Amino acid sequence: MSRIGKQPVSIPAGIEVNVNGAVLSFKKGNVQKELNTKELVNVKVENNEIVFSPKGDDRESRAFWGTFRALSNNIIVGLTDGYEKKLEINGVGYKAAVKGNVLELHLGFSHPINYDFPKDVQIAVEKNLVTIKGNDKQVIGQIAAEIRSFRPPEPYKGKGVKYLEEHIVRKAGKTASK
């Protein structure tokens, strides 16, 4: 049994949720998100809560039960509070700047890296800190991972792009053997 799937998702004020067949649609103001359950779970909206239940008793139905509950909760949290990821850039001459919908990164290569990001995502740069904000958890995480992949942190000096809360395990280097 899914312990996550059993918990109903509460709908805060200002968010409209509609069930149209297998598609859940969430709306807050002019922002609209959809979640297609592909008829793998049963969905009911009652008493300002979304209640999920498995279609059958097989393993796949029970797995999707918790998954779709978590995805719908992520959409509601994204519409109410939003999501944020912070990246830290470490290294001599490493810097970032936002120009319109393009994040320009100088990460020690012979050329700058221009990263185009979607219009519904806000990226702010302050010194060596890049802040990514938006209302879709998956998109924010994917953008942060792609920016980090341009120059992942190395274990000797810690140069590169890392998540703010990430801990880099350092290696000793050549002088440790003397």
Side-chain angles (χ1 to χ4, degrees), residues 4 7 9-17 23-37 50 63-64 66-176:
I4 294 293
Q7 300 171 359
V9 179
S10 62
I11 303 170
I15 294 183
E16 293 178 32
V17 179
V23 178
L24 269 157
S25 56
F26 302 86
K27 187 174 182 183
K28 180 179 182 184
N30 59 355
V31 179
Q32 185 166 350
K33 298 280 184 182
E34 289 187 349
L35 177 65
N36 188 357
T37 61
I50 307 171
F64 283 120
T67 301
F68 285 119
R69 187 262 178 213
L71 290 174
S72 64
N73 188 48
N74 289 345
I75 291 172
I76 288 178
V77 170
L79 289 175
T80 55
D81 302 331
Y83 288 101
E84 177 180 273
K85 287 267 188 184
K86 292 188 179 200
L87 299 170
E88 184 179 5
I89 299 175
N90 294 321
V92 176
Y94 290 11
K95 57 186 176 180
V98 177
K99 296 179 180 175
N101 254 17
V102 176
L103 176 66
E104 185 177 347
L105 299 162
H106 295 275
L107 299 175
F109 298 115
S110 61
H111 59 283
I113 298 168
N114 293 321
Y115 182 77
D116 296 323
F117 56 90
K119 293 189 185 335
D120 59 339
V121 174
Q122 296 89 30
I123 294 183
V125 178
E126 184 180 316
K127 292 188 181 179
N128 66 339
L129 204 64
V130 178
T131 305
I132 307 163
K133 292 182 182 178
N135 59 9
D136 193 343
K137 186 176 187 177
Q138 183 177 358
V139 170
I140 299 301
Q142 183 68 34
I143 289 172
E146 287 173 3
I147 293 171
R148 184 185 181 277
S149 72
F150 293 135
R151 180 70 85 170
E154 51 97 14
Y156 296 102
K157 292 184 180 177
K159 290 173 29 176
V161 180
K162 70 178 190 84
Y163 296 111
L164 187 63
E165 65 276 355
E166 182 180 10
H167 176 71
I168 306 300
V169 178
R170 299 288 178 91
K171 290 185 177 179
K174 290 183 188 178
T175 57

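By convention here, the first residue in the shown sequence is residue 1. Please read these numbers as outputs of a predicted model, since none were measured by experiment.
- Nearest heavy-atom pair, Q32 versus S25, reported as atom, atom and distance to 0.1 Å: NE2-CB, 4.1 Å.
- Closest approach of K85 to G141, counting heavy atoms only: CE-CA, 4.3 Å.
- Residues forming a salt bridge (charged side-chain N to carboxylate O under 4.0 Å, His left out) with E146 (at least two apart in sequence, or on another chain): none.
- N135 meets the side chain to side chain contact (heavy atoms under 4.5 Å, CB included) test with V31, K33, L79, D120; sequence neighbours excluded.
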I132/I147 under side-chain contact (heavy atoms from CB on, under 4.5 Å): CA gap, chis, key distance, verdict: CA-CA 10 Å; I132 307 163; I147 293 171; 4.0 Å; yes
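- The side chain to side chain contact (heavy atoms under 4.5 Å, CB included) search around Q138 returns D136, not counting sequence neighbours.
- Here the straight-line distance linking atom OH of Y115 with atom CG of L105 works out to 10.0 Å at 0.5 Å rounding.
- Applying the ring pair (Phe, Tyr, Trp, His ring centres under 6.0 Å) test to F64 and every residue at least two apart in sequence or in another chain returns F68.
- The shortest non-hydrogen separation linking G158 to P153 is O-CB, 4.4 Å.
- Nearest heavy-atom pair across V9 and S72 is CG2-OG, 3.8 Å.
- Not counting sequence neighbours, the partners of E154 by the side chain to side chain contact (heavy atoms under 4.5 Å, CB included) test are Y156, K157, K159.
- Going from atom CD1 of I140 over to atom OH of Y83 covers 10.5 Å, rounded to the nearest 0.5 Å.
- Legend: salt bridge (charged side-chain N to carboxylate O under 4.0 Å, His left out) pairs involving residues 68-83, not counting sequence neighbours: none detected.
- Put simply, the residue from V98, I143, V125, V161 that forms a side chain to side chain contact (heavy atoms under 4.5 Å, CB included) with V130 is V125.
- Shown here are the side chain to side chain contact (heavy atoms under 4.5 Å, CB included) partners of N114, two or more places apart in sequence or in another chain: V102, E104.
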Solution key, residues 87-96 side-chain donor-acceptor pairs under 3.5 Å, sequence neighbours excluded:
residue : atom : partner : partner atom : Å
E88     : OE1  : K162    : NZ           : 3.3

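- Listed by chain and residue number, R148 satisfy the salt bridge (charged side-chain N to carboxylate O under 4.0 Å, His left out) test with E166 (two or more places apart in sequence, or in another chain).
- Shown here are the salt bridge (charged side-chain N to carboxylate O under 4.0 Å, His left out) partners of K27, two or more places apart in sequence or in another chain: there are none.
- Between I76 and I50, the closest side-chain pair of non-hydrogen atoms falls below 4.5 Å.
- I168 and P155 make their closest contact through CG2-CA, 4.4 Å (heavy atoms, listed as atom of the first residue, atom of the second, distance).
- Taking every heavy atom of both residues into account, P112 and H106 meet most closely at CB-CE1, 3.4 Å.
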